[in-house]
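A quick write-up on the structure given underneath.
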Amino acid sequence: MAPVKFGVGQSVLRKEDDVLIRGKGRYTDDFTPPQALHALVLRSPHAHAKFTIDVSRARGLPGVALILTAEDVGDLGDLPCLFNLEDNPFTGPPYPILVKDEVRHVGDAVAFVVADTVDVARDAIEAIEVKWTPLSAVTGVRNAVKGDAPQVWAQHKGNVLFDVSIGDKKATEAAFAKAHAVAEITIVNPRVIINFMETRAVVCEYDARRDHLTLTIGSQGSHRLREIIGGMVLKMPLEKMRVICPDVGGGFGTKLFPYREYALAAVAARKLRKTVKWTADRSDHFMGDAQGRDNVTTARMALGEDGKFLGMDVDLMSDMGAYLSTFGPYIPHGGAGMLPGLYDIQAFHCRVRTIFTNTVPVDAYRGAGRPEAAYVIERLVDAAARKLGMSVDAIRRKNFISPRAMPYKTATGKVYDSGDFAAHLKRAMDIAQWKEFPKRAKAAKKQGLVRGIGLASYVEICGTMGEETAKVELDQNGDVSILIGTQSTGQGHQTAYAQIIADQFGLPAERVHVFQGDTDKIATGLGTGGSSSIPTGGVSVQRAANELGKQLREIAAEALEAGVGDLEIDGGTIRVAGTDRAISFADLAKRPGVDPSKLNASATFTAADGTYPNGTHLAEVEIDPATGSIAIVNYVVVDDFGVTLNPLLLAGQVHGGAMQGIGQALMEQAVYSPNDGQLQTGTFMDYALPRASDGPAFIFETHNVPCTTNPLGVKGAGEAGAIGSCPAVVNAIIEALWREYKIDHIDMPATPERVWIAIREHQRRHSL
């Protein structure tokens, strides 16, 4: 069958957008069943404190239905951490559903109030009597590992969860011993708060007749939440719980995890035998949801006289916050495996320490360890270029893994299957007119501005969530339905999966219906994370559609009295090739005597290895030295995603991810006071998010080399924009500051204040 206009590779408009832009989307907070009760959480105002609590007066207020404290939920399981080390297993501290006696971060949950209205619940919160005895708190990993630092958990001395090594320390030491020069950086990857459009919410309905709970939650995966909240926390049979995910307004990793409020709403609904609803406001979000990044890293590169990378040594400290979130310790440990980047580095060693502080727990945020790794290696490569007096592009080309070396096993054990890294670097430089940059810098200087240009060539790993099953069904009207356990949070799954079906059956997108996020309708599912939906779920959809196509041909062959090999499928019709003899999908579905099992097919796919998208980001900035303000005046991305499913969806993913990275590079940072652990950026008055005016007009292209380990050839694209953007922008800023002032370091976020101070300090030193 010839490619169709709505098939794979075509720029099909998102079919889900019509409903959303008309305001007809259905998010969790849009769902309020009749007589639903409303809940709020009482949170700690202290980062570390002992406390006693008395809720008796609050319980007596009119309209208050229930108040839960730790005493009421003592039989529940803790929120689990689903990661451990094989060689050095650790035991994490408890992460209770409600805290008893001692809180460990501002926002820690101590009570759950259920009332007739939100206002009544708020009055009850204020009526709860808590006597606080503040304790010493610690924030920031550098402070936490000092010998005299306050201890977050007595059983974790020095506030360290684990201290492990990755790679070959002896070989790395040998590489440094013979090095011509050594480049070294110490950088901070700041903590960020993941502000999706829709805050978290849960509605829990209880069916007393069946002793059954239905939770409606805006999350990244219904099955995982049921397994954790139902099976591990509530300790109930999974068939007694249904989880439904309606429209979800953004996730970025943070909505993948279970949270306290989901279990609390379930307990309250069961006790009261009524529906309970909780919706986070932004303060809840800032103080209660997992946050991202927060690493301090020292990295060194051993350099040969010819500019070759001989070895890399890294010391990484990662902030876990006060508790271990679902995948928290995995993020730095797994991310460390990507530290060699796109470079042929034979000797590598990394020390990874995970540190407790009196702050909100840290977990996966778009990229989950890979943006942190890319930021380290790409900052270090630029430092190596300055050390040797080489250009930043030349040192990259000198050390890139060549296409001829594929498959290439890195020093950390990752196996890159495909790619042409020098090609996308060259293409990005050509688009940006790299050779003409000195002229643009000279023109900017006449205007009193300092212009800089920077590169970041990244690689990431994705598609490793595990197995995903898709079921494809022929509907009675001849349309096709897909049931799959992935979960769209705005990426466009309805459209992407429809395009895969279009390739098989020639159906337009409006005749394909995708169902996700319902544990009663869909048997299994991983949810969405790690850019796995298309590399894994897409393969399952394609294989299920292939199988359904075979079955439909068999039915049609009997109906048309023709051989199966003589039939072709197009536009929801099966015809005998070269004739007008045909039967529609609708007639097939209604054909008497057809075995119903032949009208659907399922397929499961598990990736044997991850896919490795890669690419080059190039940023050009102008700095006003009088104010420190930075404007991005040119931004080019050339990516290798293996195969492009939908160019429009892909561009949207790259633009969105790049803007998140730009936000982190220039303005985003969660700041905790060092003395008392107060979150000083707890609202949008103090926490800056990028607006449209902060972003450039992106120029985006692909230079795809099909993935050899994925049946679709795709490499995953959901997180890539956030991985290449931070180092590209910061490298551009440092290039400008180095050329003009010999300033070779600035940490994210490169705010106007920080840039202005760096320039003033340079001028002060040179005026003495």
Smallest heavy-atom separation, Ala299 atom then Val376 atom, equals CB-CG1, 3.7 Å
Taking only residues two or more places apart in sequence, or in another chain, which ones meet Glu668 in a side chain to side chain donor-acceptor pair (under 3.5 Å)? Tyr687
Could you go step by step and tell me if His745 and Ile185 meet the side-chain contact (heavy atoms from CB on, under 4.5 Å) rule? CA-CA 8 Å; His745 177 76; Ile185 57 171; 5.8 Å; no
Taking the side chain as everything from C-beta on, heavy atoms only, tell me whether Phe309 gets closer than 4.5 Å to Ile395. yes
Please report the interatomic distance CZ(Arg370) to CD1(Ile331), rounded to the nearest 0.5 Å. 8.0 Å
Check whether the side chains of Tyr375 and Thr297 place a donor and an acceptor atom closer than 3.5 Å, and report yes or no. no
Is the side chain of Gln487 donor-acceptor paired with the backbone N or O of Thr528 at a distance under 3.5 Å, no angle test? no
side-chain contact (heavy atoms from CB on, under 4.5 Å) for Lys255 and Ile194? Distances and angles first, verdict last. CA-CA 10 Å; Lys255 283 186 183 167; Ile194 301 92; over 6 Å; no
Between Phe356 and His156, how do the two ring planes meet: parallel, tilted or perpendicular, split at 30° and 60°? tilted
Please list all pairs meeting salt bridge (Lys or Arg N to Asp or Glu O under 4.0 Å) that have one or both residues in residues 463-472, counting only residues at least two apart or in different chains. Lys471-Glu473
Under 30°, 30 to 60°, or over 60°: which ring-plane class applies to Tyr323 and Tyr95, parallel, tilted or perpendicular? parallel
How long is the gap from CD1 on Ile187 to CD on Glu372, to the nearest 0.5 Å? 10.5 Å
Closest non-hydrogen atom pair between Ile723 and Pro371, with its separation: CG1-CG, 3.6 Å
Within the structure provided, determine whether Gln664 and Arg366 are in side-chain contact (heavy-atom separation under 4.5 Å). no
Search all heavy atoms of Thr611 against all heavy atoms of Gly716 and return the closest pair with its distance. OG1-N, 4.0 Å
Ser457 and Thr616: side-chain donor and acceptor closer than 3.5 Å? yes
I need the single residue from Tyr416, Phe421, Tyr408 that forms a ring-ring contact (aromatic ring centres under 6.0 Å, His included) with Tyr612. Which is it? Tyr416
side-chain contact (heavy atoms from CB on, under 4.5 Å) assessment of Ile377 paired with Leu342: CA-CA 9 Å; Ile377 183 63; Leu342 295 172; over 6 Å; no
With sequence neighbours excluded, give me every side-chain hydrogen bond (donor to acceptor under 3.5 Å, both in side chains) pair touching residues 171-187. Thr186-Thr298
Can you give me the closest heavy-atom contact between Leu310 and Ala347, atom names plus distance? O-CB, 3.7 Å
Side-chain donor/acceptor of Gln346 to backbone N/O of Asp344, under 3.5 Å: no
Test your reading of the model: is there a side-chain donor-acceptor pair from Asn88 to the backbone of Val164, 3.5 Å cut-off? no
Under 3.5 Å donor-acceptor, Asp503 side chain and Val8 backbone: yes
Measuring only between side-chain heavy atoms, which start at C-beta, is Pro329 closer than 4.5 Å to Leu161? yes
Side chains of Val362 and Ser325: closer than 4.5 Å at any heavy-atom pair? no
Roughly how far apart are Phe252 CZ and Gln660 CD, rounded to 0.5 Å? 4.5 Å
Judged by atom type as modelled, is there a donor-acceptor pair below 3.5 Å linking the side chain of Arg293 to the main-chain atoms of Tyr365? yes
Looking only at atom types and distance, does a side-chain atom of Ser488 sit under 3.5 Å from a main-chain N or O of Gly490, one as donor and one as acceptor? yes
Without swapping roles, check the side chain of Asn189 against the backbone of Asn295 for a donor-acceptor pair under 3.5 Å. no
Distance col, row Gln10:CD vs Leu648:CG, nearest 0.5 angstrom, shows 10.5 Å
Kindly say whether Thr326 contributes a backbone atom to a donor-acceptor pair with the side chain of Asp363 at under 3.5 angstrom? yes
Quick one: are Val188 and Gln669 in side-chain contact, heavy atoms under 4.5 Å? no
Test item: Thr354 and Phe90 side chains (from C-beta on) under 4.5 Å apart, heavy atoms: no
Spell out, as yes or no, whether a donor-acceptor pair under 3.5 Å connects the side chain of Thr412 to the backbone of Thr410. no
Show the nearest heavy-atom pair for residues Gln653 and Gly718, with the distance to one decimal. OE1-CA, 3.2 Å
If only side-chain N and O atoms count, and only distance matters, is there a donor-acceptor pair under 3.5 Å linking His349 with Ser165? yes
Pairwise salt bridge (Lys or Arg N to Asp or Glu O under 4.0 Å) hits with a residue in residues 401-419, at least two apart: none
No-hydrogen, no-angle side-chain donor-acceptor test under 3.5 Å, Asp420 and His703: no
For the CD1 atom of Ile355 and the OG atom of Ser318, what is their distance to the nearest 0.5 Å? 8.5 Å
N/O donor-acceptor pairs under 3.5 Å from side chains in residues 635-645, not counting sequence neighbours:
residue: Tyr635; atom: OH; partner: His617; partner atom: ND1; Å: 2.7
residue: Asp639; atom: OD1; partner: Tyr458; partner atom: OH; Å: 2.7
residue: Asp640; atom: OD1; partner: Gly642; partner atom: N; Å: 3.0
residue: Asp640; atom: OD1; partner: Val705; partner atom: N; Å: 2.9
residue: Asp640; atom: OD1; partner: Lys715; partner atom: NZ; Å: 3.2
residue: Asp640; atom: OD2; partner: Lys715; partner atom: NZ; Å: 2.8
residue: Thr644; atom: OG1; partner: Asn704; partner atom: ND2; Å: 3.0

Check: Ser602/Thr469 side-chain N/O donor and acceptor closer than 3.5 Å: no
Determine whether Asp382 and Ile734 satisfy the following criterion, side-chain contact (heavy atoms from CB on, under 4.5 Å), listing intermediate values before the conclusion. CA-CA 9 Å; Asp382 268 30; Ile734 293 175; over 6 Å; no
When you compare the side chain of Val141 with that of Arg353, does any pair of heavy atoms fall below 4.5 Å? no
If you count every heavy atom of other residues, nucleotides or ligands that lies below 6.0 Å from Arg142 atom CZ, does the total exceed 12? no
Would you call Leu303 and Met390 a side-chain contact if the rule is heavy atoms closer than 4.5 Å? no
Would you call Arg379 and Asp744 a salt bridge, taking side-chain N to carboxylate O under 4.0 Å as the test? no
Where at least one partner belongs to residues 299-310, residue pairs that pass side-chain hydrogen bond (donor to acceptor under 3.5 Å, both in side chains), sequence neighbours excluded: none
Would you say that more than 12 heavy atoms from the other residues, nucleotides or ligands in this model lie under 6.0 Å from the CZ of Phe605, or not? yes
To the nearest 0.5 angstrom, please state how far the CD atom of Gln542 sits from the CD1 atom of Ile501. 9.5 Å
Consider only side-chain N and O atoms of Asn646 and Gln499, and report whether a donor and an acceptor are under 3.5 Å apart. yes
For the backbone of Asp294 and the side chain of Asp319, can you confirm whether one donor and one acceptor N or O come within less than 3.5 Å of each other? no
Please report the shortest heavy-atom distance between Gly307 and Asn399, naming the atom on each side. O-ND2, 3.0 Å
